[in-house]
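Only one structure is covered here, and it is reproduced in the block below.
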Amino acid sequence: MDLKLYDTYERALRPFQPIQAGRVGLYACGPTVYDYAHIGNLRTYLFGDTLRRVLELNGYAVHHVINITDVGHLSSDGDTGEDKMEKGTRRTGRSAWDIAAYYTQAFQQDLALLGIQAPAVWARATDHIPEQIDFIAGIERQGYAYRTEDGIYFDTAKLAAYGHLARLNTAGQRAGHRVELGGKRSPTDFALWKFSGAGEQRQMEWDSPWGRGFPGWHIECSAMSSKYLGALFDIHIGGEDHIPVHHSNEIAQHEACHGHAPARYWLHGAFLQLESGDKMSKSDGGFLRLATLAERGFDPLAYRYLVLTAHYRSPLAFSWPALQAAQTALNRLRQALHALPEGGMPDAAYRDAMLAELNEDLNTPRALALAWEVLKSPLDGQTKRATVAWLDQALGLGLEQWRPAAIEVPLAVRELVEARGLARREKRWKDADALRLAIEEAGFILRDTPDGTVAEPVPG
Ligand code: AMP
Ligand code: ZN
C-alpha cells in the first residue's frame, strides 16, 4: 500500500520513496528553550510523532532527529532583536545555560506525557558550534557569504531558486522594500554568524574565524541534520511558520554548500489557534501549557485525541468544550476497548482500510472514525479489540496500557460489597441481588477480577 505525503516544496501529494530501502531519515525542528512549550508547539510534535508511527507501521526503520535551539533565535525570527535565551535570562534571573537545561527537560516531559516517542538523537545547538562554523566556512568558500558590521550574512540574491519553498517573490521584495536593511544587501539575506557587540557581555558566545559571537538561527539545523542524517535525507518537518524564513534559509544554506536541498520531502503542520482566532505565542505570555490542561483535570492524552480529530494540515481551534468532548470520547474508547476480551487478531479488511486512510497523507480523523466503526460492527469482541489496538500503534493513545484510575470506593459501598459476597456464599440470592442494586444506586458497578469482586464507579 502506497504512502502518500503532501510535500510543501512541490505543493503536491507525492508517493513516498525512501533514499535507502526500509529506512527513513527524519529531521524535526525543535523548540527554542527559553520558556515552556505551549499546546500549539506540542501540536507540531504530535504531527511529527504521527508521521513517525505511520512510517513505522509501513515497515520503515525511522531515524528521528530533533534539535534543541538553545542559542541564536532572535526575537524577530529575523536577525534583529534580542536573543530569546538572553531575554529568558532577564525574565527569570537565571543563567541562559540553566534556562536551556530546565526548559529542555520540561519539553521532553510534555512529549512523554503525550505519548510522543523520543527521537534517536536530541541535538543541542550549543553542542555543535564547531559543526556550524564548518558549515558557514563551506558557504563562504562557495562565495555566498559576506561580512557586515554585525555579522556574516548569506547573500540570497546569488541563489536563483532562493525562496522556492515559500514561493517567495524576492524580486518584488527587492524592488518594493522600504525596510531598514542595516548592512544587508537584500531584505531576505540572513545571519550565519553574529558578532557579540562591542562591550556586550553575552552568556553564550564563541570564537570563530570571523570574530567572537554566536551562530544564526538557521545554521544549526543545516549543520546538525547533515551530521546525523547525511547531506541528503528523506523528510524534514516543522510548523507552517517555518516555510517562509527558517526552512527557506536552511534550503539556501544547503544549496550553497552541497548543491541541493537537505531533504526530499518537506512536511508542515498547521497551527493551533485560539478560539478567538488569535495566534498562540510564547512571547505573548499567558499561553496554554499541557500543565494548564492538567490543572483543569484533563488527561494529556485527551489533548492528543483532540489533535488527532483534525488533519495535520488543517488549522485547529482550541476550546475547552472541544477538549472536554475529546476527553469524553477518549474515556469511552478506553472503556469500550477494555470491556472486550483479549487474545484476538486484527480484522484484515478494517486493518487495510485504516492503513489506507493513514497512508493518505496521515488522515487521522478518518482512521479514528474507523476505530468507532469497528466497535459498532458485528465483529466478535476479540477481533474488535485487536483491530482497534492495532490502529493505536499509529494513534498513540496508549489504549491497551490504560488502567482505570483507582478511585476511592467509599466505606459504605465496600461494606455493601462485602455483605453481598457473604450473601452469595450463603446462597441468599435475593439478598445478594438487593445488595447489588444498592451498590449500583450508589454509583458503582461490580466487576469480577482475579482478586475477587470489586466495585468501580459507573463509567461516564
Ligand atoms: P519554537 O519553540 O517557537 O521554535 O517553536 C517550536 C515549534 O512549534 C515550531 O516547529 C513551530 O513551527 C511550532 N509552533 C509554534 N506555534 C505553533 C502553533 N500555534 N501551533 C502549532 N505549532 C506551532
Ligand atoms: Zn530547523
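These values consider heavy atoms only, across backbone and side chains, with no hydrogens, waters or symmetry-generated copies. As the structure lists them, so they are numbered: ligands from 1, and atoms in each ligand from 1. Along the sequence shown, residues carry numbers from 1. These numbers come from a predicted model, not from an experiment.
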**Prompt:** Does any N, O or S atom in C29 come within less than 2.8 Å of the Zn ion (ligand 2)?
**Reply:** yes
**Message:** If we set the cut-off at 4.0 Å for heavy atoms, which region of T32 has an atom near ligand 1: side chain, backbone, both, or neither?
**Reply:** both
**Request:** For P31, counting its heavy atoms only, list the atoms of ligand 1 lying under 4.0 Å from any of them.
**Result:** 2 (O)
**Ring centroid separation Y36 to Y103 under 6.0 Å** = yes
**Prompt:** Does the side chain of H254 reach to within under 4.5 Å of the side chain of S226, using non-hydrogen atoms?
**Reply:** yes
**Asked** Can you name the residues that form a side chain to side chain donor-acceptor pair (under 3.5 Å) with R141, not counting sequence neighbours?
**Response** none
**Request:** Using a 4.0 Å heavy-atom cut-off, say whether Q273 meets ligand 1 through its side chain, its backbone, both or neither.
**Result:** neither
**Asked** Any idea which N/O/S atom from E250 gets closest to the Zn ion (ligand 2)?
**Response** OE2
**Request:** Could you tell me whether the Zn ion (ligand 2) has an N, O or S atom of C221 under 2.8 Å away?
**Result:** yes
**Asked** Does T69 reach ligand 1, in the sense of a heavy atom lying below 4.0 Å from it?
**Response** no
**Between H128 and Y228, a side-chain donor and acceptor under 3.5 Å** = yes
**Prompt:** Who are the salt bridge (Lys or Arg N to Asp or Glu O under 4.0 Å) partners of D98, not counting sequence neighbours?
**Reply:** none
**Item:** Rounded distance (nearest 0.5 Å) linking atom CG of D110 with atom CG of L290
**Value:** 5.0 Å
**Message:** Given Y34, Y36, Y45, identify the one with the heavy atom nearest to atom 7 (C) of ligand 1.
**Reply:** Y45
**Asked** Measuring to the Zn ion (ligand 2), does H246 have an N/O/S atom at a distance below 2.8 Å?
**Response** yes
**Request:** Could you tell me whether R124 atom CZ has more than 12 heavy atoms of other residues or ligands within 6.0 Å of it?
**Result:** no
**Request:** Would you indicate which of N67, T44, N41, I66 comes nearest to atom 22 (N) of ligand 1 when only heavy atoms are counted?
**Result:** T44
